[in-house]
Amino acid sequence: MSGCDRRVQEEEMMDLFEEYASKGFTATAPLAERMRPSTLAEFVGQSHLLGAGKLLRRAIEQDRLTSLILWGPPGTGKTSLAQIIARQTNAHFVALSAVLAGVKDIRAVIDEARRQRQRSGTRTLLFIDEIHRFNKAQQDALLPHVERGDIIFIGATTENPSFEVIAPLLSRARVFTLQPLTPEDLATIVDRALHDASRGLAEMPVKLTSEAREHLVNIANGDARVALNILELAYLTTEPAADGGRSIDLVRIEEAAQRRTLLYDKAGEEHYNLISALHKSLRGSDPDAALYWLGRMLEAGEDPLYIVRRLIRFASEDDGNADQQDLLMAVAAIQAVHFIGMPEGNLALAQAVVYLATAPKSNALYTAYTKVQGDIQHTLALPVPFHLRNAPTPLMKGLGYGRGYRYPHDYPGHHVEETYLPENLRGHVYYEPVDDGYERVIRERLAQWRQPRDIP
């Protein structure tokens, strides 16, 4: 990174972590930035993490943080929480953006952290926003310093850390999952902005109608930044009355959001009611009802990829192996939506929905895996039996790895009587296919293989 780029980054992060902390707001600062909480008492939402007595809250209040990753959707408080930690910790705080920073910047932070530790014993807390944008080499550069305790690492990401953060770094950082804000949380944030004269909109009287308020918190879909941006635009485009006050109605909110009022909202009860209706119509093999509920969701603006994710789950949960094309159809639908986009992709979704609805049904896979989860939680996890282990080295072969294993392809029908479960689960049956569709064939085959027998 060039010196110029580094100065730009430093200026941006200083704006983020210092300007609002000192309440030195400017007239051009967005409302969403001005309303960022400065203390835990001001923080709204995430009570499962920051409620009284919760682990993360105690760690922040007692300045006993270890490396952590904040994972959650946009507008749920990840950066705001990092700001609060910056103010409350006694550590030297450094913030980097993964969009701009590189390995050279990380090394510079580490060098400074060591100097801080040698001079005064002060720890360094390194916050990296959008950590998922760091590649493997950049994340590897962090690893030894996190392990040695040179820095306390805090990452923020909207992406699943399991896929975007390297396993060694992930194992050394506690992941805290932030949830989308509830309508009640968003209403609190909106009301605070309306009544705060120093940071919010209350320098002059401002009123938000109840209808507009309800629509605003629903259309924001759990994102505080979206809610405040819409509110600010509606405020700025509403002409003040003679006394300087403003009254914001539903029309203003709709205009600011650039969306019409929908018959259902993506964050509220109707969202879950409709996806439940679609799922149950599919399970009940009613293609007409399934198409109708699909249309209700798509025409209301639902994310088509959310619908496809539910279709993929349905294919395995409710159709299973009764029709082995179900899962392929659902996966093909998501590829079609990605490839041609919307609204053209709506017919690919409709095709998948009709196929899933009219396919033979089986929940045998769902039932089987539920049993497996129960046994994993409640039975002793015995080692893998020796005859099932590979023996790639002479030492392992000498220890008995692979001894006694019978290769099924050497036997008639490519099947031989054998024990594959650990001893404490010997004879357990998880998968019991139904007598419909292709599972009937599987059922007959398993019936022959599962005949009572004496296995050595």
Side-chain angles (χ1 to χ4, degrees), residues 15-47 49-52 57 72-84 86-88 178-259 261 265 267-268:
D15 285 344
L16 182 64
F17 288 95
E18 294 180 8
E19 179 181 353
Y20 300 120
S22 64
K23 301 191 183 299
F25 307 123
T26 68
T28 58
L31 178 64
E33 291 295 334
R34 301 201 308 268
M35 293 307 300
R36 283 190 186 276
S38 58
T39 65
L40 286 175
E42 288 186 357
F43 196 93
V44 177
Q46 315 306 335
S47 59
L49 300 178
L50 299 171
R57 187 184 187 100
T76 53
K78 300 183 296 297
T79 303
S80 294
L81 188 54
Q83 288 187 21
I84 291 171
R87 297 184 189 103
Q88 294 202 197
L178 283 72
Q179 303 296 336
L181 298 177
T182 66
E184 292 76 19
D185 293 334
L186 289 174
T188 299
I189 292 169
V190 167
D191 290 344
R192 184 177 292 172
L194 291 170
H195 296 100
D196 189 319
S198 61
R199 294 186 296 171
L201 304 174
E203 184 176 358
M204 299 297 289
V206 58
K207 177 184 178 183
L208 181 68
T209 67
S210 59
E211 187 180 31
R213 178 178 180 269
E214 180 179 0
H215 183 57
L216 174 59
V217 300
N218 284 334
I219 206 170
N221 198 28
D223 188 326
R225 188 181 297 107
V226 168
L228 292 174
N229 286 345
I230 293 173
L231 177 62
E232 183 175 30
L233 182 56
Y235 173 85
L236 293 174
T237 56
T238 298
E239 290 295 327
D243 63 355
R246 287 176 169 88
S247 180
I248 305 172
D249 59 14
L250 177 60
V251 173
R252 293 297 187 193
I253 293 295
E254 287 179 338
E255 288 176 342
Q258 296 185 344
R259 293 178 60 177
T261 303
D265 58 85

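Note: hydrogens, waters and symmetry copies are ignored here, and every other heavy atom, side chains too, is used. Bear in mind that the values here come from a model prediction, so they are computed numbers and not experimental data. Position 1 is the first residue of the sequence, and the numbers go up from there.
Counting only residues at least two apart or in different chains, salt bridge (charged side-chain N to carboxylate O under 4.0 Å, His left out) contacts with residues 209-224 comprise Asp191-Arg213. Residue pairs satisfying the side-chain hydrogen bond (donor to acceptor under 3.5 Å, both in side chains) criterion with at least one member in residues 236-250, sequence neighbours excluded, are listed as follows: Tyr235-Arg246.
How far CG of Leu236 is from CZ of Arg252: 11.5 Å, rounded to the nearest 0.5 Å. In this structure, Asp196 CG and Leu201 CG are separated by 9.0 Å, a value rounded to the nearest 0.5 Å. Considering CD1 of Ile253 and CD1 of Ile219, their distance stands at 9.0 Å, rounded to 0.5 Å.
Leu49 is linked by a side chain to side chain contact (heavy atoms under 4.5 Å, CB included) to Leu56, Phe176, Leu178, counting only residues two or more places apart in sequence or in another chain. Every residue meeting the side chain to side chain contact (heavy atoms under 4.5 Å, CB included) condition with Pro180, not counting sequence neighbours, appears here in chain and number order: Pro73. In terms of the side chain to side chain contact (heavy atoms under 4.5 Å, CB included) criterion, residue partners of Thr182 (sequence neighbours excluded) are, by chain and number, Glu184, Asp185. Partners of Arg57 according to the side-chain hydrogen bond (donor to acceptor under 3.5 Å, both in side chains) rule, which considers only residues two or more places apart in sequence or in another chain, are Glu61. For Gln179, there are no side-chain hydrogen bond (donor to acceptor under 3.5 Å, both in side chains) partners two or more places apart in sequence or in a different chain. Taking the side-chain hydrogen bond (donor to acceptor under 3.5 Å, both in side chains) definition, one finds that Thr209 meets it with nothing, sequence neighbours left out. Taking Ala224 as the reference, Leu181, Leu186, Ile189 meet the side chain to side chain contact (heavy atoms under 4.5 Å, CB included) condition, with sequence neighbours excluded.
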Go through the steps for Asn229 and Leu31 under the test side-chain contact (heavy atoms from CB on, under 4.5 Å), then give the verdict.
CA-CA 7 Å; Asn229 286 345; Leu31 178 64; 5.9 Å; no
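When all heavy atoms are compared, the tightest approach of His195 to Ala202 is C-CB, 3.5 Å.
In this structure a side-chain-to-backbone donor-acceptor pair under 3.5 Å is missing from Arg192 to Met35. Between the side chain of Arg199 and the backbone N or O of Ala193 there is no donor-acceptor pair closer than 3.5 Å. Looking at Lys207, its side chain never comes within 3.5 Å of a backbone N or O of Ile248 through a donor-acceptor pair. A donor-acceptor pair is defined here as one N or O able to donate and one able to accept, closer than 3.5 Å; no such pair exists between the side chain of Glu232 and the backbone of Leu228.
Using a 4.5 Å heavy-atom threshold, the side chains of Ser38 and Gln83 count as separate.
No salt bridge links Arg225 with Glu33; every basic N to acidic carboxylate O contact stays at or beyond 4.0 Å.
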